[in-house]
Amino acid sequence: MADDRIRRLEARVAALEARNVELEVQNAALDAEKRHYRWLAESTTDLISRHARDGTFLYASRAARDLLGYAPEALIGVCAYELFHPADLADLLNKSPRVYHRDGFYQYTYRFRSRDGHYVWFETTSRTRRDPETGELLDILCVSRDVGRRLRAEANRERLARVVESTTDYVLFADDNEQLFYSNEAARRRLVLPTGDGGASLADAYTAASLGELRDIVLPAVARYGSWSGELAMRGRGGTLPVLSVVLAHRGPGAEPGHLSLLNRDIGLRKAAEAQARRHQAQIAHANRLATTGELASNIAHELNQPLGAIANYASGALMKLRSAPAAPANELAVPLERINDQVAGLAERLRHIRAYVRKGRTHCRPMAFAEVVTGALQLCEWQFRQAGVRLERALPADLPAVQADPIAVEQVLVNLLLNALEASREQPGADRVRVSAERVSPRELVFRVSDRGAGIPATMRAELFAPFNTTKPEGLGMGLAIAHSLMEAMGGRLCLEETTAGASFAGTLRLAD
Ligand code: ADP
């Protein structure tokens with residue numbers, strides 16, 4: 001009997017010991033788990049915190065230091081709500097019953113004040129813990145993540161999406177089957193894209209020729225280099241639209257291979273504006289030429305007078321001869337008649353030249369002898385210079401190479417510069433000469449100069465010297481230099497004002513003929 005009791009007691013002791021060992025093992029496992037969780041909480045970059053029902057911090061993980069600048073222990077006892085951005089706190093308190101009165105998760109995004117006063121965007125997931133028996137709220141566990149970067153990136157993405165949607169360029173996104181999965185507002189409005197179930201494809205957006213170019217050249221280039229840009233044509237509602245396109249492949253995380261972005265800038269309007277500007281420019285240049293021609297009319301009349309007088313002289317001489325000796329051989333009249341012929345030919349040439357000068361049109365560059373154009377320009381202005389008593393000096397080397405330019409345009413530039421120089425000389429006592437010179441300055445260029453000894457260009461004029469309507473003359477239009485400048489540029493040359501000690505010197509650069 002006693003043995004029996006002893007055995008039972010021993011068995012109980014053994015069972016208790018076994019249970020003890022089991023509990024110890026369990027305890028050790030719990031300890032390990034606790035350490036594990038603590039380690040997790042301490043090493044995560046998110047802030048893990050535990051709060052009392054009124055929001056007071058009971059625990060904060062180490063991330064508090066990185067995210068908010070607080071030592072974790074400094075937060076214990078602080079009420080989290082005091083650090084909320086006031087607007088966000090009001091918002092939260094409106095919704096807070098959900099947090100307190102129901103178990104479960106709650107997620108919210110708000111601004112939290114860091115130690116140095118600036119706000120950090122937090123996204124916090126919280127869970128309330130309650131006493132299972134009384135239902136009383138024990139504490140709130142929170143995991144907070146800094147989502148500032150993400151929010152800023154999202155805001156940026158949204159902004160970009162709005163820019164893409166509202167830009168006047170036609171923006172298309174296409175997949176690797178040439179199907180469009182996005183077209184922005186401008187594209188939807190201006191292109192003929194089908195809206196049906198099948199959706200639109202690149203073939204709907206581009207002309208047949210451009211589609212061919214896209215397939216043969218652009219897509220292989222994009223696959224290889226990541227991008228391509230060039231001119232293409234799109235199928236617009238009102239007809240073909242010339243566009244400057246940039247085609248981009250998207251690589252990097254999240255990008256679907258083979259997806260493309262196609263940005264197309266309509267250059268139809270620009271082309272039309274350029275053509276309009278060119279027409280306008282040609283009209284102004286023409287008007288300027290007519291104005292200078294009017295100014296030069298007296299010169300022309302004078303020019304014509306002299307050969308006409310000579311012709312009249314020869315003709316009346318020949319007539320007198322014919323009357324006094326009607327039987328004389330006709331070949332005796334050959335000399336005066338030849339002279340008349342020469343004069344008429346010369347006159348016809350001058351008239352042709354003047355007609356060409358007033359001709360309306362754009363610049364047509366061709367190889368031309370610069371010296372010949374200088375002769376023409378000097379002839380046009382000669383009379384005015386003589387009248388004003390200003391000498392015209394011509395300093396051109398005999399071996400000047402040919403230039404690639406439009407003779408009429410160069411002549412107009414020279415006439416404008418010469419008349420300006422004359423004007424400046426008239427107003428300046430002692431300014432008695434204007435010089436035209438030229439030299440080859442490199443294997444590719446020739447520079448000519450028109451220099452005077454006038455008062456020079458006022459400092460206030462210099463910055464805008466070549467801008468239109470810039471004039472100091474009461475009757476001036478201020479177009480001469482602007483036109484001369486753009487004519488030189490149209491010919492691939494330049495015109496600029498040079499620094500001089502006295503007067504003004506304009507230098508024009510022209511390309512040499514090949
Ligand atoms: P406009 O002769 O009708 O005034 P321009 O464009 O030919 O128009 O010249 C603009 C202005 O530049 C002139 O009003 C004048 O003040 C200045 N200018 C041009 N050439 C000279 C020059 N050689 N010397 C001094 N001033 C000049």
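The first residue in the sequence is number 1, and the count goes up from there. Atoms within each ligand, like the ligands themselves, are counted from 1 in listed order. Bear in mind the structure is a predicted one, so any value in this text is a computation, not a measurement.
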S.K.: Not counting sequence neighbours, which residues clear side chain to side chain donor-acceptor pair (under 3.5 Å) with D146? List them please.
M.R.: none

S.K.: Test of understanding: with side chain to side chain donor-acceptor pair (under 3.5 Å), list the residues that count as partners of R449, not counting sequence neighbours.
M.R.: E439, E498

S.K.: Give a yes or no answer on whether the side chain of D406 reaches the backbone of H364 with a donor-acceptor pair at less than 3.5 Å.
M.R.: yes

S.K.: Does ligand 1 have any N/O pairs with the protein under 3.5 Å, and how far apart?
M.R.:
residue  : atom   : partner : partner atom : Å
ligand 1 : 2 (O)  : N420    : OD1          : 3.3
ligand 1 : 2 (O)  : K473    : NZ           : 2.7
ligand 1 : 3 (O)  : L477    : N            : 3.0
ligand 1 : 3 (O)  : G478    : N            : 2.9
ligand 1 : 4 (O)  : T471    : OG1          : 2.5
ligand 1 : 6 (O)  : G480    : N            : 3.3
ligand 1 : 6 (O)  : L481    : N            : 2.8
ligand 1 : 7 (O)  : N420    : OD1          : 3.3
ligand 1 : 7 (O)  : N420    : ND2          : 2.8
ligand 1 : 7 (O)  : L481    : N            : 3.4
ligand 1 : 8 (O)  : G478    : N            : 3.4
ligand 1 : 14 (O) : T471    : OG1          : 3.2
ligand 1 : 14 (O) : T472    : N            : 2.8
ligand 1 : 14 (O) : T472    : OG1          : 3.2
ligand 1 : 16 (O) : T472    : OG1          : 2.4
ligand 1 : 23 (N) : D452    : OD2          : 2.8

S.K.: Return the set of residues passing ring-ring contact (aromatic ring centres under 6.0 Å, His included) with F122 (not counting sequence neighbours), or none when no residue passes.
M.R.: F112

S.K.: Whether R150 and E154 form a salt bridge (side-chain N of Lys/Arg under 4.0 Å from carboxylate O of Asp/Glu) is what I want to check.
M.R.: yes

S.K.: For R435 and A395, which heavy atoms make the closest approach, and how far apart are they?
M.R.: NH2-CB, 3.6 Å

